[in-house]
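Position 1 is the first residue of the sequence, and the numbers go up from there. No experiment lies behind these values; they were computed from the predicted model shown.
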Amino acid sequence: QLYEQILEQIDLTKETDDEELQELIRTVLDEAADEEYISLSDKIRIGRELFNSFRKLDVLQELLEDDSITEIMVNGPDTIFVERAGHVERTDLAFSSAEKLEDVIQRIVASNNKMANTSHPIVDTRLADGSRINIVLPPIALDHSVLSIRKFPKEWITMEKLVEWQALSQEVMAFIKEVVQCGYNIFVSGGTGSGKTTFINAMSEFIPVEERVITIEDSAELQMRSVANLVRLEAREATMEGKLEVSIRDLVKTSLRMRPDRIVVGECRGVEAIEMLQAFNTGHDGSFSTGHANSAKDMLNRLETMALAAGEIPLLALRSQIASGVDLIIHLERMRDKSRKVAEIVEVLGIENGEIQVQTIFAFEEKKQKEKVEGEWVMKNQMSRNQKYMRHVGKENKKNRWWK
């Protein structure tokens, strides 16, 4: 009722700024308090909820402002779940109506110049703070519109912080620093919520300060705050008329003319894998990318499948591209205690008898089966590919113990 009263009093012939809206909310609340007692704390709470309803994301706003929440899952106007510390729980929050949920969805997509309707029922986008958004509308979503928000931490997560959280060891961090600085092409794999984007952002702190980095993403999520010379590119979907599309392939071609030292292609989900491989094979050492997989070896198989979907490419030629373009795969896992760890680091050796050959450099070995996952990272082999390392440190320098 208060919302409707405010809506009736808003002058739709002109733009109402935040100060005017807050003053209008206070006036309506004061009038309501004259008829029925409302405590000061309730007036503050209701006023905030009304403002969020008009200007922000309604009931979701308080969840977005709660730093303990990492994921928000809206299964309809009456069903909202959140994830805290790896555990999913249902909230007692709800939208006032299905129409209000639709209004919030349209507000989100409009802020990024995207569309969400029956013709475009699936949308990937982001909020201003970088939070990842996925939207699925009816009739694809059978019951109600579905909204998922993956929040990214506001504090900058460094490799040292990941070591502190036991996501990797000091030795593994030192190895990763070495291969990043030497310009090895690295693919980060893992399941949903394993921390791939966070890990790539943390790895970027090892990129030499004088290098120029270009990120290419379907929906911009990477936040490489330690890179000074950074250019961020985002693909654009076609309009309803099938025009104005800017694909990842277009962005890869453009990036090659922008004098990059390194190219970072965001998550590979489909045919864009071929563009990622092209970026890795264009002489820009030290490029990164990510993808979903259950293991490092499985990531190679998925890369083949995704790239083959892009067109008729001979399998042996594709495998040669993968073997020459990808130097290392860092596989992350979300453990049973909800912690995230580097499960293995695998070196891609090359092609032998038509098959891609790999070897494990580091692997996480669990000590005992306990509720809390504990273990250590064991070095299994030395690196075979040493050309980039020797080029970086100079042949006169003594070899590092990680290389043969």
Side-chain angles (χ1 to χ4, degrees), residues 3-4 49 52-54 56-64 66 69-84 86-127 130-152 190-194 196-197 217-221 234-242 245 247-248 266-273 290-294 302 305-306 309 334 338:
Y3 180 88
E4 293 297 333
E49 290 176 1
N52 288 341
S53 183
F54 278 101
K56 298 188 177 182
L57 299 184
D58 203 69
V59 296
L60 300 183
Q61 192 62 38
E62 64 177 272
L63 302 179
L64 288 167
D66 186 342
I69 293 174
T70 55
E71 192 112 18
I72 302 168
M73 295 152 276
V74 181
N75 298 349
D78 303 321
T79 313
I80 301 175
F81 287 85
V82 297
E83 181 188 53
R84 281 190 179 91
H87 299 282
V88 176
E89 59 190 60
R90 183 170 180 169
T91 71
D92 56 1
L93 298 174
F95 288 92
S96 58
S97 64
E99 290 73 22
K100 191 61 190 175
L101 172 56
E102 296 300 322
D103 178 54
V104 167
I105 288 173
Q106 293 305 322
R107 201 179 299 172
I108 290 170
V109 296
S111 65
N112 289 287
N113 293 318
K114 295 198 174 188
M115 293 181 297
N117 50 40
T118 51
S119 300
H120 293 81
I122 301 175
V123 180
D124 287 310
T125 186
R126 67 186 189 282
L127 296 177
S131 298
R132 182 189 305 169
I133 304 278
N134 176 262
I135 298 165
V136 184
L137 302 181
I140 306 302
L142 297 180
D143 300 317
H144 301 282
S145 295
V146 177
L147 176 65
S148 303
I149 303 176
R150 170 77 56 81
K151 291 172 60 182
F152 290 109
T192 301
S194 57
K196 299 182 292 296
T197 302
E217 300 177 84
D218 209 12
S219 182
E221 298 168 356
E234 183 180 51
R236 184 173 67 190
E237 297 176 356
T239 62
M240 293 183 69
E241 295 79 25
E245 180 185 12
S247 67
I248 289 182
E267 186 178 336
C268 286
R269 301 184 185 94
V271 293
E272 65 268 17
T290 73
H292 281 81
N294 295 322
R302 289 208 67 235
T305 305
M306 291 187 290
R334 192 173 188 184
K338 310 303 179 183

Practice prompt. Could you check Val109 against His120 for side-chain contact (heavy atoms from CB on, under 4.5 Å), going step by step and ending with a plain yes or no?
Written response: CA-CA 11 Å; Val109 296; His120 293 81; over 6 Å; no
Worksheet item: After noting the C-alpha distance and the side-chain angles of Ile80 and Leu63, does the key distance pass the side-chain contact (heavy atoms from CB on, under 4.5 Å) rule?
Response: CA-CA 10 Å; Ile80 301 175; Leu63 302 179; 3.9 Å; yes
Practice prompt. Going by the side chain to side chain contact (heavy atoms under 4.5 Å, CB included) test, name the single residue among Thr79, Ile149, Leu101, Val146 that passes it with Val74.
Written response: Leu101
Practice prompt. List for me each residue that meets side chain to side chain contact (heavy atoms under 4.5 Å, CB included) alongside Ala94, sequence neighbours excluded, and say none if there are none.
Written response: Asp78
Fill in: Donor-acceptor pair, side chain of Arg84 and main chain of Glu89, under 3.5 angstrom
no
Worksheet item: What are the two closest non-hydrogen atoms of Ser145 and Leu137, and how far apart are they?
Response: OG-CD2, 3.4 Å
Worksheet item: Is there a side-chain contact between Thr125 and Ile108 (heavy atoms, below 4.5 Å)?
Response: yes
Worksheet entry | Glu234 side, atom CD; Ile248 side, atom CD1 - distance, nearest 0.5 Å | 10.0 Å
Worksheet item: For the side chain of Lys114 and the backbone of Asp124, is there at least one donor-acceptor N/O pair under 3.5 Å apart?
Response: yes
Worksheet entry | Main-chain N/O of Ala116 paired with Gln106 side-chain donor or acceptor, under 3.5 Å | yes
Worksheet entry | Shortest non-hydrogen separation from Met73 to Val82 and the atoms involved | CE-C, 3.8 Å
Worksheet item: Salt bridge between Glu83 and Lys338, side-chain N to carboxylate O under 4.0 Å?
Response: no
Fill in: Candidate list Thr70, Asn134, Thr192, test side chain to side chain contact (heavy atoms under 4.5 Å, CB included), partner Arg150, passing option
Thr192
Worksheet entry | Sub-4.5 Å side-chain heavy-atom contact between Pro77 and His144 | yes
Worksheet item: For the atom pair CG (Leu60) and CG (Asp66), what is the distance rounded to the nearest 0.5 Å?
Response: 12.5 Å
Discussion item. Between Asp103 and Glu99, is there a side-chain heavy-atom distance shorter than 4.5 Å?
Written reply: no
Practice prompt. Would you indicate whether the side-chain heavy atoms of Pro121 and Pro138 approach each other to under 4.5 Å?
Written response: no
Discussion item. Could you check whether Arg126 pairs with Glu221 (Lys NZ or Arg NE/NH1/NH2 to Asp/Glu carboxylate O, under 4.0 Å)?
Written reply: no
Worksheet item: Hey, is the main chain of Leu64 close enough, under 3.5 Å, to the side chain of Lys151 for a donor-acceptor pair?
Response: yes
Response to the item:
Residues Ala235 and Ser247: closest non-hydrogen pair is CB-C, 4.3 Å
Practice prompt. Considering non-hydrogen atoms only, spot the tightest contact between Gly191 and Ser194 and give its length.
Written response: O-OG, 2.7 Å
Discussion item. Please determine whether side-chain contact (heavy atoms from CB on, under 4.5 Å) holds for the pair Thr91 and Val59, giving the CA-CA distance in whole Å, both sets of side-chain angles, and the decisive distance to 0.1 Å.
Written reply: CA-CA 11 Å; Thr91 71; Val59 296; over 6 Å; no
